[in-house]
Each structure stands twice: as C-alpha cells, then as structure tokens.
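Scroll down for the structure; my scribbles are underneath it.
In what follows, chains are A, B, ... by sequence order, proteins preceding strands, each numbered from 1.
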Amino acid sequence: MTDAKRDDSAAPPNFIRHIIREDNASGKFDGRVVTRFPPEPNGYLHIGHAKSICLNFGLAQEFGGVCHMRFDDTNPTKEEAEYVESILEDVQWLGFGWGEHLYYASDYFEQLYGFAVRLIETGKAYVDSLSADEIREYRGTLKEPGRESPFRNRSVAENLDLFQRMRAGEFEDGAHVLRARIDMAAPNIIMRDPTLFRIRKAHHHRTGDAWCIYPMYDFTHCLSDSIEGVTHSLCTLEFENNREIYDWVLDALGVYHPQQIEFARLNLTYSVLSKRKLIQLVAERHVDGWDDPRMPTISGLRRRGYTPEAIRSFCERIGVARRDSMVDFALLEYSIREDLNRRAPRVMAVLKPLKVVIENYPEGEVEELEFINNPEDPSAGTRKVPFSRELYIEQDDFMENPPRKFFRLGPGREVRLRYAYFITCTDVIKDDAGRVVELRCTYDPATKGGDAPDGRKVKGTLHWVSAAHGVPAEVRLYSALFTEENPAECEDFRSCLNPDSLELLTDCRLEPSLAEAAPGAGYQFERMGYFCADRDSRPGRPVFNRTVTLRDTWAKIQKKQKK
RNA sequence: UGGGGCGUCGUCAAGCGGUAAGACACAGGAUUUUGGUUCCUGCAUUCGGAGGUUCGAAUCCUCCCGCCCCAGCCA
C-alpha cells in the first residue's frame, strides 16, 4: 500500500472516471484498468506533473488496477540520467509506487524496429530522402494540402534495405527518415506522412551507442502502451491531434489498442509550468536551481515545506476537465495551510527582533514556562520555554503612534506575551537616527501563564524569545516568483520576474528547541506562518524557509486603511 | 479561409431533459492566550449569444461569437 491510499477523501466525479466506469460496465478491457505515467527525462517534475501522477496512479488504485512508471526516452540529445533519478524520487515522495512496473521506451527499441519493418513490408511506411527543409515544404500548410515526396513510391525491397542500412549507421544524421505512408492531403497535418524514425548519432543515457536511429513519439508512445497492455492512456490536450496517428499505427499493425484520453494541463497563477521556461530559469540563474523553493517543481515545493498530502489534496481539489484553465495559487496555499495546521508543531520565532527589557523582573532569573505544542492536536503535548528579563519581540508588534484597530504594543499599552505575562510599555528608547531600538516595560507577576486573576482583558498577544536563550538563525521569506498572474502573457516572461521574491533575514531569534531542527521539518512560527528547516542549516545556526504565511486579517485591515 | 477541441459564479468544477452541487477567493458575524484555527451567514432567477424543439432545456437542434491546439527529423 502506498501513502496516497490513505487519503479517504470522496473522489469527485470527472469525465475520465465516467469513461472508466462505462468501460468496466461494457467489458471493453475485461474490467482491467492499467494507466501509466510517461515523463520524458529531460527536466524535473513540476506541480503540473503532480496532477498527472495523482490522476494516473490514483485512478489505478481506485479501480484496483496498476499504474506503470515509464520513461519516454526516445530523444538521446535531450535526456539525462540525472533527470530519471529525480523523477523517480519525486513520484515516490508524492506517495506513489509502481511495484515491478518500471519501464523505459528505450527497452522497446528492438520491438519498435520490428514493427517498423512490418509497416514497410505492408507498404505502410517508406524511407524518405528529402531534407528536413524539403519535407517541411512538401507538407503544405494549414489550408493547403501537401505534396507527395518523390521517394514515396520506393519498392518494399529498397525501403527494407535502406532502413536496415540506416540502423547500421551507413548514413549521416538527416540523410534519410522513415515515414508512414498515409495521406499528404489529410486535413490533420499530423497525418501527412508523419516521421517514424530519424537518424541521430548520439549517445543514449541507457542504450549507449547501440542505436543510431531513434523512434519518434507518435510511433513509440502508442506501441509502448500497447506492449504494456495499458487500457486508458491519459495525456494532455495538446496531444489531441495526435490521437489519430496513435490509432492509425495500432490499427495498421493490428495490435492491442489502448484508448487515449486527453485532459487539460494545469496552469497556476503567478507561475510558469513549461519545461522550456523552467529550464531557462535554472540555466540563467534567475533561481537557485531546480529545487529553489520558489520553483513550482516537486523538489522546489518539497524544499519550500510543502507536504505530499497537501499536493495530493490540491490535485484532488482542482479536478480534471477538458477546458483550459488557470488555477489560483491561493488554492495551493490553502491546501498546505490545511495540512500543516493540523500537524505542524507551534514554536516561537522572532524574525525582526526588537529588544524589550522588563524593568521590574529580577535580573538573572530564568523561568521555564509551559507552552502548548499544537492546539489542534492535544496529543502533541507541551514543552518548556525559558523566560527572562530581556526579550525580543517582533518589530511589527510595536508602534509609537498606533492607528485605530492596532491591538499590539505601544507607549503605555498593555499586551500579553504568549503563555507568559502581561507587560506594559513604559519607555521607548531610540538611536540617533530616531529609530526605536529598545522598549522598557513592566510586567504583572499575577498574570503568569497569560491570564489576569482580576479578569482584565488585553487585546493583543505577542510572541517572544528570551534574549539570552534565543538561537540566532537565518530565515528566507519567499513570495511569488512573478508579478503577473500569467507570466506567459508578458512579452518575455523573464521581464515579470518578481525582484522581491526572496527576502533574506539574517538576524532572527528562535526558541531554544529549534537549535537542531532537522532539515525538512515543518513548524508553525506562531503568528508568522509555516516554516521548514532548510538543508543549509548548520549546528547552532538553523536556516528556515517560509512555506506560506498564516492568513493575515490584520494585513487586510491595514490595506483597507491605506485606501 | 483546413482540421481538432472548449465555453456553467472572481478562480476551479459538478450537472447528461425535471427546474444551477461543492471548493477556493471575497464580504459580514460568533468563539479564541496565534488579528491563526473552528463555527455560522451571504455570494450564478441563471449556464458565451440568438433562435428553435418540448408541458419543461445548462442539458436536444440550428446559426452566430469567443478562446485553445496542429505546418519538429521535440514530447
């Protein structure tokens, strides 16, 4: 059983589930359900792939079938072993398993070659010797039919001989190509004698130099599905035009015929999900690599602190349909907050420290106060946090001239320090530039724990860290990578990169329990957001990434007040 | 002007001839030692538009409008 199986969320209806139910009812595939996730190992997986992964593996689980993990590795010039490693890791991390069903299209090269020979023998394929440019010219346009290649009517024997010599390496790249003989006037341009095999004298990440001809996607994909006994072959909408050739190849060969079903790919606001653009962001150093926490890659989201559960529930929530859409990033944020709210331990962390001295608190004294680890989960228990005369609070929690509705600290005001005492600000100390650098306060010993015996209330509760005990830390505040909802609509998507997508804070203070936080561990920094320990952490010097802020009604009020 | 798709709330998305689910977002309110969480409440008389069929249409028909995909020896 894989992790994902534990999700018991009722599956909402969608058109693919409908089709599978109908097929099961009619006995079309004898009740079998076999799907597959077929990435090309030419980049890292992103949230859009997660949608496909959840769909394929999820549907298979739901209907008691299996989902194959298959690499579509037919283009040696773009694919690398590094990518297959990361893809395998990401799929597993998401909570899915393929058992013994790990396949590579490259494992089918010999079979594919055989199928091509059969096509030649039946007159359904021929070797064309036109150049790439000429083939394009002969193809015609969207409105005008194409013309037949002068090599289209070579004899079967000549085609067989040429194809065999292509494989043997007798020709240079581009000299010949194997094409299906269909119809140069077909209204669907893909059907105008599509290329089946091309010569590529390149090293393949798995087959090495065993081959110098490589099959094209349209020839490989349908046959790989057929060989594996796939029932429902799910792909994105842009392959809709390719369904005709998918069906043609299978029928021309008379082999087992899976059904291709297309669905809309995921688009996310303030993100780019095209592999080309993602590669560009990495190559041009706009981000810090594939797993930069601002990247929509699975590895980036993981480093950002997203959990597999949150990503899976997001994928369930967005649904599956055939219409192009753009999902609000806020839905992704909702999904991670929902998950972390119920499981992340609460912790005190001051990101932008402001010193507070409690003048009537005994010098040198330290109290261990009891904190609740997670109010959403009583079983998480409590812990002790040290309190002393000198503390740090958040700079934003103090205002010398507070506006209406500001519940926090100000001159003469009384607030609660969470799980500690009520304090009142008695004095504000500034530097030469007039900036507030320290607060002098008094505390009420009777309010220990945070409640006043006389029943008096206080509007604000602040988080704090004892100055002498605080652990210095670095915290990275991330926000949207792009300034526009749809970067694809910018002249150049790089021109709407958000210059402030990363705010680096190097003088943060955390409560002592965080000193040795394990990389990957997620916490809620109370009142600030959810954060995740980064792998850059060093003993005594933790580094945290902000996963997502808490919902912030105060920020909304401020925005309104400014208007 | 070729072919293939798609148009239901700000964003996703159910609905499949019987009179518009749900989620996010947003707006109010209650509870709260996180301005968090939770809990209530509100949020499409209308389904791209116009005709038609029907007792009855988002669902069927016709026409129109808009958007997406296809001219790689990429996938």
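Scored by the side chain to side chain donor-acceptor pair (under 3.5 Å) test, A:N14 finds no partners at all (sequence neighbours excluded). A:R323 is linked by a side chain to side chain donor-acceptor pair (under 3.5 Å) to nothing, counting only residues two or more places apart in sequence or in another chain. Evaluation of the salt bridge (charged side-chain N to carboxylate O under 4.0 Å, His left out) rule for A:E40 yields no partner, not counting sequence neighbours. Under the salt bridge (charged side-chain N to carboxylate O under 4.0 Å, His left out) criterion, A:R546 pairs with no residue at all, not counting sequence neighbours. With sequence neighbours left out, A:S86 forms a side chain to side chain donor-acceptor pair (under 3.5 Å) with no residue at all. Shown here are the side chain to side chain donor-acceptor pair (under 3.5 Å) partners of A:T195, two or more places apart in sequence or in another chain: there are none.
Distances were taken from every side-chain heavy atom of A:R418 (C-beta onward) to each of B:C74, B:U34, B:G36; the shortest belongs to B:U34.
Contacts with RNA chain B (heavy atom under 4.0 Å) in residues 368-380 of chain A: A:P375, A:E376, listed by number.
With RNA chain B read from its 5' end, the first of the two nearest nucleotides for A:S129 and A:K51 is the one closest to A:K51. The nearest heavy atom of RNA chain B to A:I557 and to A:N242 marks one nucleotide each, and the one closer to the 5' end goes with A:I557.
Across all strands shown, B:A23 forms a Watson-Crick or G-U wobble pair with B:U11, both key distances being under 3.5 Å. Figure legend. B:U45 is base-paired to no nucleotide; pairs are counted as Watson-Crick or G-U wobble with both atom distances under 3.5 Å. Pairing of B:C39, defined by two Watson-Crick or G-U wobble distances under 3.5 Å, is identified with B:G29. Pairing for B:G18 is with B:C55, a Watson-Crick or G-U wobble pair whose two hydrogen-bonding atom distances lie under 3.5 Å.
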When every nucleotide of nucleotides 4-10 of chain B is labelled 5' to 3' by its protein contacts under 4.0 Å (heavy atoms), B for base, S for sugar-phosphate only, - for none, what sequence of letters results?
SSSSB--
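For A:Y334, a side-chain nitrogen or oxygen approaches OP1 or OP2 of B:C24 to under 4.0 Å.
Contact check on A:D73 versus A:R206 returns no salt bridge, with no Lys/Arg side-chain nitrogen under 4.0 Å from an Asp/Glu carboxylate oxygen.
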Sequence neighbours left out, cut at 3.5 Å: what donor-acceptor pairs do the side chains of residues 417-425 of chain A make with other protein atoms?
{"unit_1": "A:R418", "atom_1": "NH1", "unit_2": "A:E526", "atom_2": "OE1", "d": "2.2"}
{"unit_1": "A:R418", "atom_1": "NH1", "unit_2": "A:E526", "atom_2": "OE2", "d": "2.9"}
{"unit_1": "A:Y421", "atom_1": "OH", "unit_2": "A:E367", "atom_2": "OE1", "d": "2.5"}
{"unit_1": "A:Y421", "atom_1": "OH", "unit_2": "A:E367", "atom_2": "OE2", "d": "2.8"}

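Side-chain atoms of A:S149 and A:R179 include no donor-acceptor pair closer than 3.5 Å.
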